[in-house]
Amino acid sequence: MKPKISIEQRRFRLKSAPEYGQASFAWIVSFAASLALLLGGYSPGTGGFAPILLAASCVYLLFALLQLAAWIRIRADLIQFGAIRIQTRALGYGLMLSLLSGNIFIATAAFQLVRTRKNAAYTLAVYTLITTLLVMAVSALHLFKPYVANSFLPGMSLLLAAAIVQLGALLYVAKTADRTALPRSAAFVAAALIVTAATGNLFALMLGLLLLARRRDGGGTAGSRAGQVIDRLSGSTTSMLGLLFVLFLFALSAASYWTFDYSLAIENNYGAILQPPSLAYPLGTDNFGRDLFSRIVFGARISLIVGLLSTIIPVLIGGLLGALSGYYGRQTDNVIMRLLDILYAIPGILLAIAIIAAFGASTVNLIIALSVGAIPTYARTMRANVMLVSTLEYVQAARALGSGDWTILAKHVIPNSLAPMIVKSTLTIGTAVISTSSLSYLGLGVEPHIPEWGNILKLGSAYLETHAYTAIYPGIAIIALVLAFNFLGDGLRDALDPKLD
Amino acid sequence: MMKRGKLAALLLISLTVVLGGCKVTTKNEAAEAPANTSTTTNAQQTESTNESAPVDIELLGMSANEADLNIVRDQLAKNGFNVKLNIQADYGSFKSQQDAGNYDIALSSWTTVTGNPDYAVRSLFKTGGDYSILADPEIDKLIDTASTQTPEQYVDTYKQFEQQLVFDKAYIAPLYNSLKAQALNQDVLKKESVRLSKSRSLVWEDIDFKDEAKRGTDSLVLQSTMPTLTSLDPIKGNDGSINMINTNMYVRLLNLTDDDKLTADGSLSYNFAIDAGNSDYYFVLRDDIHFAQIKDKKAVDTGERVGAEDVIFSLNRAKDKNSVPDHRTFTLHEHIKTVEAVTDPAALESAKLASGESVKAALEKGLETPIAGLTADKAKADHQAGTYQVIKLTTTEPFPQVLNYLAHQSAGIVSKKQVERINTYDVATFDVNKDIPYGDQNTVTEGAQYNNTLYASGPYILSHKNDYEAILYKNPAYLKGTSHEPKIENVKIRFIKDADSALSALRSGEIHVFYGVSETKFDVVKGDAKLSLQTLPSNAVSYLLFNMKNRPVAESADLRKAVLYSINQDEILAYYNGNKFKAVSTVSPLVKTGLELASDPAKAKQFLDAFKAANS
């Protein structure tokens, strides 16, 4: 017996449960991944399939079908009862196994499915654990090589210990986070998590800080503002995946100091030139016999560092200049903004090329070159925000109470103007990553043998026809990182939207 | 919830147990038990870095040679050097860095376009040579001794030379000898008509379309990288921008075969002969080549025959440094003492070859009518009547390799009358802004300055050019009726700077021949059914040149030898998939001396330690 409901009602019921959207996203992406693996494993020459890729494709297909089944049940539940039944939620435990196949789409959806009530701490705890497990899995690929880095075993043990702590934290959070006041033990869990953040896992750091903040609040206000932002952000699957990918790369870059051997990425090995992907060389080798997998992982360091620094520097400089000119107005505004307008008139990438041509190619020069051109846009954004905020009542009140200009700027104006800057900078990190790679591709970045994604892509582009994987993998890495930052920026914009307060 | 937690904890613990049971070889363990060569190099690397600080060294090169630079960098880094790369975008900036002395080692290359070993050493390594930065009397002596010797004799001299240059003093560290590779569109061109020669530039007159009916209508489309032509006067340029054009625009007394043997075939001579003293050289000239010129963008016969007076004029100006401003090739011809026309047949009778045969008999070999009379007037020559012109060239000392230089494009024959008519300026007070020399590229570039005054003695003549392409037409009076008469009427040279773009142009049918296919693209060319790949060992050698001024490498032979023995040519060959060859010096492709550079990390370390000891 189906109770009759209108189409609007049905639509509302389906939309009211984020699990429904997550489940549909998860099975569609898994199905696509399964197809991609199948196609990737097909060799037209022999008409056969590579056994490993074929197996991986089958596993992905299996989980995609299971997820599809769960999705159908979620849908039926929502339409019939307006909520997901507990039996349906239990399916999530089975779907969590997909993490073993590296399918984070289904795994994250499953972790969300099993919980009726979600909160920021739980979501962060899940992503913390997933990040560490992924880093471990990727590092473990080294076991197939003839030898591993000297610090591989201590590094892996460290990661394992972190994973155990984080699993404990996940269970703890799942049990206690729904309470309004956290028990005293939360402080110890938070401290342990912050210690595991030393492996480069920023999710752990965020979770630890969140728990500490909630413990300090003592259940008074319903979580900090950061908690709200994370709550809203976690509602969007794509932005959480973007954040996961960025922080995973960060954690991997940090872990690579222990678990990866730099010589594999930089020393030529003439016995293994242009090897196709295999277990020992997961992404193949380049024309000098260097392991592409190691090169791309080490390249992430440079791409992330240059991308982040060349965004942070103009945010700081541009933000400060914009704040000053927006707050003081008149002559200050005129002088600063006209000077910045001149800088704005020069195309950023041309300025970068000119700076590098003049001062030589190095990582520091690369960061400076990319930073300088971006200053005016941040100054403009900040100026507009500050002009808006300075007219608000609380600023006038502070002024009436006799606060100095610097106090007002630092305590009231700048903090309340930051949200658009954060969104803008997240969205432009992607551009900075692309610019870094473009300059390296043009031979203006770091030295050619240093693993950097643009460099790797440049070498690979010469073999596009004969050994396409040498260009495809660094290309995918660049696309994925830029896409991740864009998804994240998009999610942040929604999460920081003041209209939702 | 708790149940799941226990399960997960159990899983993690069992994972730890499994991981603990695994035997994982770490890098140091792998290095301790060297099973193969790749781990030995690792071992040595860790050893040397552990023992002492690496020695700084600056490596200069061009971005076009990035792969070589990376191999050398890698090999030096593995042998205890800290390599600083200085990569320049093009040859101009590379050269200015080199001239400024901003390097310890420069990745250099040399191609012996004349096919004789003297050219491969004289200007590079002799004191005061065009490109030389060395000043070593022993090296000079060996170069001079070898130049007077015959091929059988000079093998040993060049062996001593290589021993001195490379192994004893380590002035250079050799890398490899390259292949010459050329790809052509075999759907359009007759594959066998496109020659690939070891030294000689592409022979245009032989090239033919598969469909012979297209000879008059379609253009043969070739490719070149540089749209700015140095000069169309053969003696004023010796670089990639004009070598191919000038080789095909001016005929010479001799040619080189595809494997660098001297031949009169397709040249201005019917025959040539060498006097027993190795100082006098005789050439009997053809009378069926006329100069061509461009009138209204068409090639026309000037009616003026290419004769002895033009040969004498051309070679005299080739050897004279002061005949033109910016003379770039006189060092190639400095051994020429005199060039004259022989008018007395008796002189040919009395001159004898080393075999005892008379020069006259040698010159008459294969002639339709034997030599009946000689004339100094080129208009009077008539091979059917037996009236010939004969050139006698005398060298400053016995120097058999002079003939190779005569086959070089700089020995191309120009018209005495025309060049004297155009070059009316005074060489000493030549003003680049006012005076227009013969062969100035501006006179053939479309625009206000266009005024084509070229007189071509070769199979083709350049009509006009712009930054996009150059158009050449067949010389209507070049060896007409013989097998050397040019087959295709029009030749177009497309200027495409980037090698990858040029290959794409070849594959799309935009150009017909692409010279200089890189080794990494061989598979692409072989995989394309309409393309054919031709390869031949060439005279090109790549080597590391040490800075001989104001740098530690200039003073310390130990440091240079440490670099020398760090170089592993086997690895370079492996990188290029066997498409390069081992070399010891620039002479290697021309003379097999039997020497070979073997990489020796132990020696490299020993020399490096000696250097460190001397400098600490």
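Order of the sequence lines fixes the chain letters, A, B, ..., with proteins taken first and strands second; residue numbering starts at 1 for each chain. All values reported here derive from a predicted model rather than from experimental measurement.
For the set A:Asn287, A:Leu459, A:Leu274, A:Thr466, the count of heavy-atom pairs under 4.5 angstrom toward chain B peaks at A:Asn287.
In this structure, the portions of A:Asn150 lying under 4.5 Å from any heavy atom of chain B include both its backbone and its side chain. For a residue to count as touching a neighbouring chain, one of its non-hydrogen atoms must lie under 4.5 Å from one of that chain's; by this rule B:Ile71 touches chain A with backbone and side chain alike.
For A:Ile266 against B:Asp74, the heavy-atom pair with the smallest separation is O-OD1, 4.0 Å. Shortest non-hydrogen contact noted between A:Pro448 and B:Leu85 is CD-CD1, 4.4 Å.
The side chain to side chain contact (heavy atoms under 4.5 Å, CB included) test with A:Asn268 singles out one residue from B:Gln75, B:Arg73, B:Glu571, and that residue is B:Arg73.
In this structure B:Ser501 satisfies the side chain to side chain contact (heavy atoms under 4.5 Å, CB included) test together with B:Ile496, B:Asp498, sequence neighbours excluded.
Aromatic ring centres of B:Tyr575 and A:Phe288: separated by under 6.0 Å.
Counting non-hydrogen atoms of other residues, nucleotides and ligands closer than 6.0 Å to OH of A:Tyr262 gives a total above 12. More than 12 heavy atoms of other shown residues, nucleotides or ligands fall within 6.0 angstrom of atom NZ in B:Lys530.
Rounding to the nearest 0.5 Å gives a distance of 6.5 Å between CD1 of B:Ile87 and CD of A:Glu447.
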Walk me through it: do B:Asn70 and A:Arg290 pass the test side chain to side chain contact (heavy atoms under 4.5 Å, CB included)?
-> CA-CA 12 Å; B:Asn70 186 38; A:Arg290 300 173 296 200; 3.3 Å; yes
